[in-house]
Amino acid sequence: MAIVSTSSLLHQYSSFPKCPNFSHYSRFRPRLHFSSLRLSSSAIRATAAVAVEPDLGTQQNQKLEVDLFACPVCYEPLIRKGPPGFNLPAIYRSGFKCKRCNKSYSSKDIYLDLTVTAGLKEYSEVKPTGTELFRSPLVSFLYERGWRQNFNRSGFPGPDEEFKMAQEYFKSAEGGLLVDVSCGSGLFSRKFAKSGAYSGVIALDFSENMLRQCYDFIKSDDTLLTTNLALVRADVSRLPFSSGSVDAVHAGAALHCWPSPSNAIAEITRILRSGGVFAGTTFLRYNSSTPWIIRSLRGTYIYLTEEEIEDVCTSCGLTNYSSKVQQSFIMFSAQKP
């Protein structure tokens, strides 16, 4: 990514916020089972063991097993070699490989990179402006230090209340695996992990710097370092999980940042098990009190109407859609039948 000056980034921060200020217009069967978040030494694995070639070998205190994660190229479950466990230290010391694609993945940084472009040396990919902005170190640093707090001007009730609302939607997913897509600096990922309500939480984002910022917050809390919390870099339109393997997916203030909301929601539907829940928040393009001229405007991000969000969820096969709206804020939920 090109080097950008601090003044330029600050200009971007003021000119292209993650949200506009609208205040003026006012189960994959068999199901994967995980241990409690408090038992950090246990491994997360598929219920069926697999045979591996003798030359792959194992070392003391290491295992080869089919992992929860899947190859982002072919969606084949990855083979994991390393210490058991779903906590950050165990995943950092593990190697992952797709036997079908013969592609390896690792935690060279503090996160596991499961993008299609992971490990490439020559090819690089530039995403749309709305995606690239959040890959900058400055925006990642500012996200929980003023940026996110600005959302209340558009009707967001605040992280604590939004977390409570999400937990209500995820009642049926308690004890299962939750993926927090487009997690940013992990504001909600950390809350989900500390709640103890889920057997595993995956903080997933495309931004390397957001995941590094998330780790900075995690390492300041010793209890989070040993919970079943993983940091994964991935593309929301190419999620590295087997079909029907996830119990709940959360997307906080994220949908409007996705290059293709329909592709992302289709992917979320694919990885959800039967009965799994998808819940998210975003900014509405307009509400009933927004002037007509504003309704026609679209900029860096894709702001949808309430009707459009329901339409795309339904078209992707989700049911039981419900939503709560406050000014330009919406929290919505839908379920995989």
Side-chain angles (χ1 to χ4, degrees), residues 32-44 68-69 83-93 107 109-112 140-149 151-152 156-205 207 209-234 241 245-254 272 276-281 331 333:
L32 299 177
H33 292 280
F34 308 101
S35 65
S36 166
L37 284 167
R38 287 174 282 274
L39 299 177
S40 61
S41 62
S42 59
I44 292 186
L68 163 72
F69 300 115
F86 196 60
N87 53 74
L88 292 176
I91 291 178
Y92 180 79
R93 296 195 300 271
S107 296
D109 214 318
I110 49 79
Y111 55 82
L112 176 61
S140 300
F141 178 82
L142 291 172
Y143 191 72
E144 289 188 42
R145 298 175 175 89
W147 188 299
R148 225 296 180 165
Q149 289 80 346
F151 289 14
N152 60 6
F156 275 66
D160 290 340
E161 183 60 29
E162 292 165 49
F163 172 69
K164 291 178 183 178
M165 294 167 70
Q167 288 289 74
E168 286 298 315
Y169 283 126
F170 292 143
K171 283 287 186 183
S172 62
E174 289 183 357
L177 175 68
L178 182 146
V179 179
D180 187 17
V181 298
S182 299
C183 68
S185 55
L187 176 61
F188 291 99
S189 305
R190 304 193 306 271
K191 289 179 179 291
F192 288 128
K194 293 193 76 169
S195 73
Y198 308 97
S199 54
V201 174
I202 297 175
L204 183 149
D205 203 280
S207 168
N209 283 306
M210 281 292 190
L211 292 170
R212 293 184 186 111
Q213 185 62 62
C214 182
Y215 179 72
D216 285 344
F217 285 123
I218 290 172
K219 71 182 181 181
S220 65
D221 188 335
D222 292 339
T223 61
L224 283 173
L225 283 173
T226 55
T227 59
N228 284 340
L229 171 63
L231 299 183
V232 174
R233 181 174 184 248
F241 307 99
S245 61
V246 173
D247 296 274
V249 175
H250 175 260
L272 281 173
V277 179
F278 169 43
T281 61
M331 171 166 269
S333 173

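With a 4.5 Å cut-off on side-chain heavy atoms, Q167 and S195 count as touching. Residues L225 and I218 form a side-chain contact, since some pair of their non-hydrogen atoms from C-beta on lies under 4.5 Å apart. Between L112 and S107 the shortest side-chain heavy-atom distance falls below 4.5 Å. Contact of the P157 side chain with the M165 side chain is registered, since non-hydrogen atoms from C-beta on lie closer than 4.5 Å. Side chains of D160 and K191 form a contact here, defined as non-hydrogen atoms less than 4.5 Å apart. Residues K219 and I110 are not in side-chain contact: their nearest non-hydrogen atoms beyond the backbone lie 4.5 Å or more apart.
Residue V277 comes nearest to S172 through the heavy atom pair CG2-OG, 3.6 Å, listed as atom of the first residue, atom of the second, then distance. V232 and F69 make their closest contact through CG2-CE2, 3.7 Å (heavy atoms, listed as atom of the first residue, atom of the second, distance). Between A203 and L211, the shortest heavy-atom contact is O-CD2, 3.9 Å. Residues F170 and V249 approach most closely at CZ-O, 3.5 Å, considering heavy atoms. Residue P159 comes nearest to L187 through the heavy atom pair CG-CD2, 3.7 Å, listed as atom of the first residue, atom of the second, then distance. Considering all non-hydrogen atoms of both residues, G200 and F86 come closest at CA-CE2, 4.1 Å.
Atom CZ of F141 sits about 12.0 Å away from atom CE of M210, to the nearest 0.5 Å. With values rounded to the nearest 0.5 angstrom, K194 atom NZ is found 5.5 Å from L224 atom CG. Remark: N87 CG to L229 CG distance equals 9.5 Å, nearest 0.5 Å. Residue F241 holds its CZ atom at 5.5 Å from CG of L204, rounded to the nearest 0.5 Å.
The closest donor-acceptor contact from the side chain of R148 to the backbone of E144 lies at 3.5 Å or more, if one exists at all. Of the possible donor and acceptor atoms, none in the side chain of R190 sits under 3.5 Å from a partner among the backbone N and O of C214. S182 places no side-chain N or O within donor-acceptor distance of the main-chain N or O of D205, the cut-off being under 3.5 Å. Judged purely by atom type and a 3.5 angstrom limit, T281 uses its side chain to pair as donor or acceptor with the backbone of A253.
In this structure, F163 and F192 have tilted ring planes: the angle between them lies in the 30° to 60° band. Relative ring orientation between F188 and H250 is described as tilted, the plane-to-plane angle lying within the 30° to 60° band.
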Note to self: As a quick check of understanding, evaluate side-chain hydrogen bond (donor to acceptor under 3.5 Å, both in side chains) for N209 and S207, giving each step before the final call.
What the structure shows: CA-CA 5 Å; N209 283 306; S207 168; 5.4 Å; no

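The side-chain contact (heavy atoms from CB on, under 4.5 Å) with I202 is formed by just one residue from the set L177, V181, L178, L231; it is L177.
The 12-atom threshold is not exceeded at OH of Y92, counting heavy atoms of other residues, nucleotides or ligands nearer than 6.0 Å.
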